[in-house]
Q: 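First the structure, then my questions, so here it is.
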Amino acid sequence: KTKKIILMIQKEVAQRICEKEKMSILSLSVQFYAMPKILFYVSKGSFFPEPKVDSAVIEITPNKEILTDSEKFFKVIKAGFSSPRKLLASNLAENLDMNKENIKEILRKFEINEKSRAEDLTIQDWINLSNLETQSPSKVRR
């Protein structure tokens with residue numbers, strides 16, 4: 001029997017948690033451990049006193065297995081999102097103490113555009129990068 005979590009939270013937060021296109025640390029963190037899904041929206045007019053925001057009811061189903069080491073995964077995504085306006089390669093090189101050219105080579109290996117920002121990657125891209133992070137032969141600073 002699959003266990004699920006049902007929550008009612010602010011609509012915009014629910015949408016960020018369930019986002020698949022422009023990922024955030026929030027969406028990646030939830031989706032690393034579980035599959036979130038918006039079940040339905042609840043209007044602010046449904047409550048008294050009326051709050052200022054609409055709500056959403058979401059279902060969170062835990063993943064049966066975790067595909068990579070969580071410590072490595074979160075280390076890599078924190079490095080990638082450290083300066084959201086910077087390119088991913090720069091963030092990873094600076095925060096993982098790796099050579100920028102090696103980072104670009106790794107991104108090419110996984111068919112990730114070297115001009116990407118952290119929000120452009122899928123959860124699978126992040127899993128691939130975190131699996132590779134400790135295997136990288138060169139951790140030499142540029």
Side-chain angles (χ1 to χ4, degrees), residues 1-47 50-142:
K1 184 176 177 178
T2 304
K3 296 188 182 206
K4 297 178 181 186
I5 301 166
I6 307 291
L7 299 170
M8 184 165 59
I9 57 178
Q10 183 177 336
K11 178 182 174 181
E12 291 78 13
V13 174
Q15 290 169 331
R16 283 191 64 204
I17 287 172
C18 297
E19 181 64 54
K20 299 267 190 249
E21 296 297 315
K22 293 287 184 185
M23 302 293 279
S24 65
I25 290 180
L26 175 62
S27 58
L28 287 165
S29 298
V30 173
Q31 293 177 36
F32 181 77
Y33 292 110
M35 282 306 297
K37 179 171 81 174
I38 295 175
L39 298 177
F40 56 90
Y41 295 105
V42 181
S43 166
K44 59 187 173 186
S46 301
F47 300 95
E50 187 174 300
K52 294 181 180 177
V53 296
D54 290 324
S55 299
V57 174
I58 64 171
E59 173 185 88
I60 299 175
T61 306
N63 293 333
K64 289 183 175 29
E65 63 180 292
I66 303 300
L67 301 173
T68 190
D69 178 81
S70 62
E71 190 174 321
K72 285 191 253 175
F73 178 80
F74 288 103
K75 178 182 176 187
V76 173
I77 67 168
K78 284 178 187 172
F81 279 93
S82 62
S83 296
R85 296 288 162 234
K86 278 183 156 182
L87 295 181
L88 178 65
S90 296
N91 280 341
L92 293 177
E94 288 172 23
N95 294 287
L96 296 178
D97 204 26
M98 293 176 71
N99 180 292
K100 194 170 184 177
E101 289 309 310
N102 290 357
I103 295 287
K104 288 181 178 182
E105 186 179 314
I106 291 167
L107 294 177
R108 283 190 293 273
K109 176 182 177 179
F110 289 115
E111 299 177 1
I112 299 169
N113 185 327
E114 65 182 59
K115 301 283 186 205
S116 294
R117 299 192 191 287
E119 66 183 11
D120 300 327
L121 275 62
T122 65
I123 192 161
Q124 188 59 55
D125 291 333
W126 287 108
I127 289 170
N128 291 342
L129 290 174
S130 66
N131 283 336
L132 201 70
E133 187 268 329
T134 55
Q135 301 168 13
S136 178
S138 174
K139 291 218 170 207
V140 180
R141 188 96 171 136
R142 48 182 198 296

Q: Rounded to the nearest 0.5 Å, how far apart are CD of Q31 and CD1 of I60?
A: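 Answer rounded to 0.5 Å: 10.0 Å.
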
Q: Drop me the distance from L129's CG to Q124's CD, to the nearest 0.5 angstrom.
A: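 L129 atom CG to Q124 atom CD measures 10.0 Å (nearest 0.5 Å).
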
Q: Quick one: CG on N95 to OG on S83, what's the gap to the nearest 0.5 Å?
A: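 If we round to the nearest 0.5 Å, N95:CG and S83:OG are 7.0 Å apart.
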
Q: In a check of side chain to side chain contact (heavy atoms under 4.5 Å, CB included) between I103 and each of N91, L92, L88, which one passes?
A: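 Only match with I103 under side chain to side chain contact (heavy atoms under 4.5 Å, CB included): L92.
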
Q: Return the OH to CG distance between Y41 and D54, rounded to the nearest 0.5 Å.
A: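 Answer for the OH-CG pair, Y41 versus D54, is 10.0 Å.
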
Q: Before giving the answer on side chain to side chain contact (heavy atoms under 4.5 Å, CB included), spell out for N128 and I112 the whole-Å C-alpha distance, their side-chain angles and the decisive distance to 0.1 Å.
A: CA-CA 11 Å; N128 291 342; I112 299 169; over 6 Å; no

Q: Is the backbone N or O of S27 less than 3.5 Å from a side-chain atom of R16, with the two atoms forming a donor-acceptor pair by type?
A: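 No; judged by distance alone, with no hydrogens or angles, the pair does not exist.
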
Q: Rounded to the nearest 0.5 Å, what's the gap from CG on L7 to OG on S55? Could you check?
A: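 Going from the CG atom of L7 to the OG atom of S55 covers 11.5 Å.
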
Q: Looking only at non-hydrogen atoms, find the nearest pair between I66 and Y33 and report the distance.
A: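 Taking I66 first and Y33 second, the nearest heavy atoms are CD1-CD2, 3.8 Å.
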
Q: With the side chain counted from C-beta on, respond yes when R108 and E114 share a heavy-atom pair under 4.5 Å apart, and no when they do not.
A: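 Yes; the side chains approach each other to less than 4.5 Å.
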
Q: Are Q15 and I38 packed together at the side-chain level, in the sense that at least one heavy-atom pair is separated by less than 4.5 angstrom?
A: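 A side-chain contact under 4.5 Å exists here.
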
Q: Using the side-chain hydrogen bond (donor to acceptor under 3.5 Å, both in side chains) criterion, which residues pair with E71? Sequence neighbours excluded.
A: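 Testing E71 for side-chain hydrogen bond (donor to acceptor under 3.5 Å, both in side chains), a comparison that skips the adjacent residues, returns none.
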
Q: Looking at side-chain heavy atoms only, is the closest gap between F32 and W126 below 4.5 Å?
A: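 No; the side chains remain at least 4.5 Å from each other.
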
Q: Name all pairs fulfilling the salt bridge (Lys or Arg N to Asp or Glu O under 4.0 Å) condition that reach into residues 23-32, sequence neighbours left out, sorted by first residue then second.
A: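 Every candidate salt bridge (Lys or Arg N to Asp or Glu O under 4.0 Å) pair involving residues 23-32 fails, so no pair, neighbours aside, qualifies.
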
Q: Looking only at heavy atoms, which two atoms of A34 and P36 are closest? And how far apart?
A: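 Taking A34 first and P36 second, the nearest heavy atoms are O-CD, 3.4 Å.
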
Q: Within the 4.5 Å heavy-atom criterion, are I17 and L26 side-chain neighbours or not?
A: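 Side-chain contact under 4.5 Å: yes.
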
Q: Restricting to non-hydrogen atoms, name the atom on K72 and the atom on S130 that form the minimum distance, rounded to 0.1 Å.
A: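 Looking at all heavy atoms of both residues, the shortest contact is CD-O, 3.6 Å.
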
Q: Is it the case that atom CD in E105 sees more than 12 heavy atoms from other parts of the structure closer than 6.0 Å?
A: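 No, CD of E105 has 12 or fewer neighbouring heavy atoms, counting only those of other groups under 6.0 Å.
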
Q: For K115 and L87, which heavy atoms make the closest approach, and how far apart are they?
A: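 In this case the closest contact between K115 and L87 is O-CD2, 3.1 Å.
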
Q: Set out, in order, the CA-CA distance, both residues' side-chain angles and the distance that settles side chain to side chain contact (heavy atoms under 4.5 Å, CB included) for K44 and V53, then state yes or no.
A: CA-CA 6 Å; K44 59 187 173 186; V53 296; 6.0 Å; no

Q: Could you walk me through whether S29 and F74 pass the side chain to side chain contact (heavy atoms under 4.5 Å, CB included) check?
A: CA-CA 8 Å; S29 298; F74 288 103; 3.4 Å; yes

Q: Determine which pairs satisfy salt bridge (Lys or Arg N to Asp or Glu O under 4.0 Å) with at least one residue from residues 18-37, sequence neighbours left out, and list them in order.
A: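 For residues 18-37: K22-E119, K22-D120, K37-E59.
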
Q: Does a side-chain heavy-atom distance below 4.5 Å link M98 with I106?
A: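 Counting from C-beta outward, M98 and I106 do come under 4.5 Å.
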
Q: The criterion is side-chain hydrogen bond (donor to acceptor under 3.5 Å, both in side chains); which residues satisfy it with K86, sequence neighbours excluded?
A: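 Once residues adjacent in sequence are excluded, the partners of K86 under the side-chain hydrogen bond (donor to acceptor under 3.5 Å, both in side chains) criterion are E94.
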
Q: Which heavy atom in M23 sits nearest to a heavy atom in L121, and how many Å separate them?
A: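 Of all heavy-atom pairs spanning M23 and L121, the closest is CG-O, 3.2 Å.
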
Q: To the closest 0.5 Å, what do you measure between CG (N131) and OG1 (T68)?
A: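 Result: 3.5 Å between the selected atoms.
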
Q: What pairs meet the ring-ring contact (aromatic ring centres under 6.0 Å, His included) rule with one or both residues in residues 9-30, with sequence neighbours excluded?
A: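 Every candidate ring-ring contact (aromatic ring centres under 6.0 Å, His included) pair involving residues 9-30 fails, so no pair, neighbours aside, qualifies.
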
Q: Assess whether atom CD of E50 is packed by more than 12 heavy atoms of other residues, nucleotides or ligands within 6.0 Å.
A: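 Yes - once you tally the heavy atoms of other residues, nucleotides and ligands closer than 6.0 Å, there are more than 12.
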
Q: List the residues meeting side-chain hydrogen bond (donor to acceptor under 3.5 Å, both in side chains) with T122, not counting sequence neighbours, and say none if there are none.
A: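 Partners of T122 under the side-chain hydrogen bond (donor to acceptor under 3.5 Å, both in side chains) test: D125.
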
